[in-house]
Amino acid sequence: THGHLVGDEVLRELALRLNSLLSGDEVFARFGGEEFAIIDGEASLESARQLAERCRQEISARPFETADGPLEVTVSLGVAAPDPRTIQDRDAILAIADNRLYEAKRQGRNRVEG
């Protein structure tokens with residue numbers, strides 16, 4: 001809607017806001033076009049949900065300043081963690097998180113599923 005340059009501004013601000021919430025143990029990375037992953041090998045599902053909710057709130061709390069003016073931005077988040085009762089590899093965990101992301105979008109966006 002606003003073009004690539006404004007999209008880049010939003011991506012940079014999103015990264016700054018989310019990185020301010022992360023500790024040194026977590027990795028924040030772009031996973032796809034407008035999809036991102038926060039990876040913490042030590043997090044429980046509950047602590048991952050809590051972090052996701054803090055991220056959601058940080059993004060939606062105030063508009064993003066851009067060349068086109070302030071933009072309201074929200075995020076939908078899917079959360080997954082290894083289940084100690086089953087063997088799950090990285091790809092399986094990412095697939096679970098991705099499915100939950102799409103569920104968050106189906107349920108109305110600007111929410112955490114997991």
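Side-chain atoms of Leu18 and Phe36, non-hydrogen and from C-beta on, never get closer than 4.5 Å to each other. Contact check for Val75 versus Ser60: no side-chain heavy atoms found under the 4.5 Å cut-off. Side-chain contact check for Ile59 versus Arg17: some heavy-atom pair is nearer than 4.5 Å. Using a 4.5 Å heavy-atom cutoff, the side chains of Asp25 and Glu42 are not in contact. Contact annotation: the side chain of Arg30 never approaches that of Glu35 to less than 4.5 Å [non-hydrogen atoms, C-beta and beyond].
Considering all non-hydrogen atoms of both residues, Ala80 and Ile96 come closest at CB-CG2, 3.6 Å. Listed here is the closest heavy atom pair of Pro63 and Glu72: CG-OE2, 3.3 Å. Pairing each heavy atom of Ile93 with each of Ala81, the nearest pair is CG2-N, 4.3 Å. Counting all heavy atoms, side chain and backbone alike, Phe64 lies closest to Val10 at CE2-O, 3.6 Å. Pairing each heavy atom of Ala48 with each of Val79, the nearest pair is CB-CG1, 3.5 Å.
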Practice problem: Show the numbers, then the answer: is there a side-chain contact (heavy atoms from CB on, under 4.5 Å) between Thr66 and His2? | Solution: CA-CA 10 Å; Thr66 73; His2 298 279; over 6 Å; no

Quiz item: Stepwise, does the side-chain contact (heavy atoms from CB on, under 4.5 Å) test hold for Ile38 with Leu51?
Solution: CA-CA 9 Å; Ile38 296 173; Leu51 174 59; 4.0 Å; yes

Practice problem: Show your working on salt bridge (charged side-chain N to carboxylate O under 4.0 Å, His left out) between Glu9 and Arg12 and close with a plain yes or no. | Solution: CA-CA 5 Å; Glu9 288 179 284; Arg12 282 192 296 276; 5.3 Å; no

Practice problem: Apply side-chain contact (heavy atoms from CB on, under 4.5 Å) to the pair Asp83 and Leu45, showing each step before the final yes or no. | Solution: CA-CA 9 Å; Asp83 184 337; Leu45 185 57; over 6 Å; no

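From Arg111, atom CZ reaches atom CD of Gln107 across 5.0 Å, with rounding to the nearest 0.5 Å. To the nearest 0.5 Å, the span separating NZ on Lys105 from CG on Leu77 amounts to 10.0 Å. To the nearest 0.5 Å, the span separating OG1 on Thr74 from CD on Gln57 amounts to 13.5 Å.
With no hydrogens or angles considered, a side-chain donor-acceptor pair links Glu26 and Ser23 at under 3.5 Å.
Screening Arg54, Arg62, Arg56 for a salt bridge (Lys or Arg N to Asp or Glu O under 4.0 Å) with Glu58, the sole residue that qualifies is Arg62. Paired with Phe28 under the rule side-chain contact (heavy atoms from CB on, under 4.5 Å), one option of Leu21, Leu22, Ile39, Asp40 passes, and it is Leu22.
Counting non-hydrogen atoms of neighbouring residues, nucleotides and ligands closer than 6.0 angstrom, the CZ atom of Arg90 reaches no more than 12 such neighbours. Remark: Leu16 CG is packed, more than 12 non-hydrogen atoms of other residues, nucleotides or ligands lying under 6.0 Å away.
Using a 4.0 Å cut-off between a side-chain N of Lys or Arg and a carboxylate O of Asp or Glu, Arg100 and Glu103 do not qualify as a salt bridge.
Using a distance-only test at 3.5 Å, with no hydrogens or angles considered, no donor-acceptor pair links the side chain of Asp98 to the main chain of Leu94.
Both Leu71 and Leu11 are part of a single hydrophobic cluster, where members link through side-chain heavy atoms under 4.5 Å apart.
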